[in-house]
*Asks:* 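One structure is given below, represented as structure tokens, and several questions about it will come after.
Remember, it's 1-based here, ligands and their atoms both numbered in the order they're listed.
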Amino acid sequence: MNQRELFLKHVAQTSPSPLALEIVKAEAALLFDAGGKEYIDLIGGISVANVGHRHPKVIAAIQQQLDAYLHVMVYGEFVETPQVQYAQLLTGHLPYSLNSVYFTNSGTEAVEGAMKLAKRVSNRTQIIAFINSYHGSTQGALSVMGDEYWRNAFRPLLPDVLHLVYNSDESLKAITEQTACVIAETVQAEAGVIAPSKEWMTKLRKKCTETGTLLILDEIQTGFGRTGKLWGFEHFDIVPDILLLGKALGGGMPLGAFIADKKLMDTLTGDPVLGHITTFGGHPVCCVAGMAAMKALLEEGMIDLVKEKEELFSSLLIHSKIKGVRSFGLWFAIEFDSFETNKKIIDKCISQGVLTDWFLFVSHCLRISPPLVISDEQIKKACNVILQACKE
Ligand SMILES: Cc1ncc(COP(=O)(O)O)c(C=O)c1O
């Protein structure tokens, strides 16, 4: 059997038709398959590879940590320098109230930890989330997912969860003294790059403060420069009570985090102790990789070029089949009239060496979320391929 047949036989499938590309190498914004074919990566591992695949500083940091130690102890018991230094770097680039980092294995585990923390801090149980939001696939995160199609088969889920319309003033009335937390994506990702208004974000922050409700912002896709600022919430001049990070946080290695004020975080230390337990969360190799990636992101000026690259994509993606273009930084949803049109264009792009896909809740929209290091030449080449695919 070849690799593809073995993949289909032994690696559990969750889709009837996986892409099944056999990637043998990745470098910056390029992927290479087993047949030697090159792809411009417009997905970036879904906003993971922000500093590019295999950034040399990330590789060097991993290699150095391999010579020191791998896993040594369940999270939070030993002083592990990679965790300490990365937490210091992260909090040094966040507002003062976000000063304590709990590292997890994944984004969805960060969501679980944050919702548990909100219950402990507030002594309340109601959780408010938004329609068309995606926060992960474990059962707590699934409970706040904003689409019944994806939730229904797994009921019963968490009780006391309300789903409201995003970016609607009417929705804010539902936030009361009963609400433990509101969880929102700073910009809705899988809804197809939907940004709220600054006014609404300000009102949301205000209503949470007035009612003693914790505001959790999920920046698992919007973090680390994707939107043209280090953090998405900087566009809205608000600060969440709990910040969720994942994806690019690990520089290509698995890592998530929920970040809050130490005063809040300390509620996880008593009654019961060990309020959240994770064996591998904050793995030292993942922490050094993430820290090297974040330093590269900041030191190499990648975020400064996001606006320019966004404008280049926007100026090129003009075609009668394109019904709309939404963007927020180096992050686009290109709208077609149907899933069928989109799928044909995506398939054509892949056959021509441009990797893209569609969004979970809007399958008629094509995703563009490349590594931030994508060059102007690669952008022009990729747009050419998309436009060519539109013509056929
Ligand atoms: C906005 C958002 N939140 C949470 C998650 C869950 O992260 P993970 O897949 O690492 O569990 C994702 C993953 O796609 C996401 O896009």
*Asks:* Give me the residue, atom name and distance of the protein heavy atom closest to atom 15 (C) of ligand 1.
*Replies:* Tyr134 CD2, 3.6 Å
*Asks:* Tell me which part of Lys247 gets within contact of ligand 1: side chain, backbone, both or neither, using heavy atoms under 4.0 Å.
*Replies:* side chain
*Asks:* Among protein heavy atoms, which sits nearest to atom 3 (N) of ligand 1, and what does the distance come to when rounded to 0.1 Å?
*Replies:* Asp218 OD2, 2.7 Å
*Asks:* Heavy atom of Glu219 under 4.0 Å from ligand 1?
*Replies:* no
*Asks:* Measuring from non-hydrogen atoms of Ile46 to any atom of ligand 1, is the shortest distance under 4.0 Å?
*Replies:* no
*Asks:* Are side-chain N/O atoms of Thr278 and Asn105 paired as donor and acceptor at under 3.5 Å?
*Replies:* yes
*Asks:* At less than 4.0 angstrom from any non-hydrogen atom of Ile220, what atoms of ligand 1 do you find?
*Replies:* 2 (C), 3 (N), 4 (C), 5 (C), 12 (C), 15 (C)
*Asks:* Shortest non-hydrogen contact from His163 to Gly146?
*Replies:* CD2-CA, 3.8 Å
*Asks:* Looking only at protein heavy atoms, identify the closest one to atom 11 (O) of ligand 1 and say how far it is in Å.
*Replies:* Thr108 N, 2.8 Å
*Asks:* For Gln178, I'd like to know if atom CD has over 12 heavy atoms of other residues, nucleotides or ligands within 6.0 Å.
*Replies:* no
*Asks:* Angle class for the Tyr86/Phe103 ring planes (parallel below 30°, perpendicular above 60°, tilted otherwise)?
*Replies:* parallel
*Asks:* Considering heavy atoms of the protein only, find what lies nearest to atom 10 (O) of ligand 1 and give residue, atom and distance to 0.1 Å.
*Replies:* Gly107 N, 2.9 Å
*Asks:* Pick one of side chain, backbone, both or neither for how Glu109 approaches ligand 1, counting any non-hydrogen atom pair under 4.0 Å.
*Replies:* neither
*Asks:* Starting from atom 16 (O) of ligand 1, find the nearest protein heavy-atom neighbour and note its residue, name and distance.
*Replies:* Gln221 NE2, 2.8 Å
*Asks:* For the pair His283 and Phe280, name the ring-plane relationship: parallel under 30°, tilted 30 to 60°, perpendicular over 60°.
*Replies:* tilted
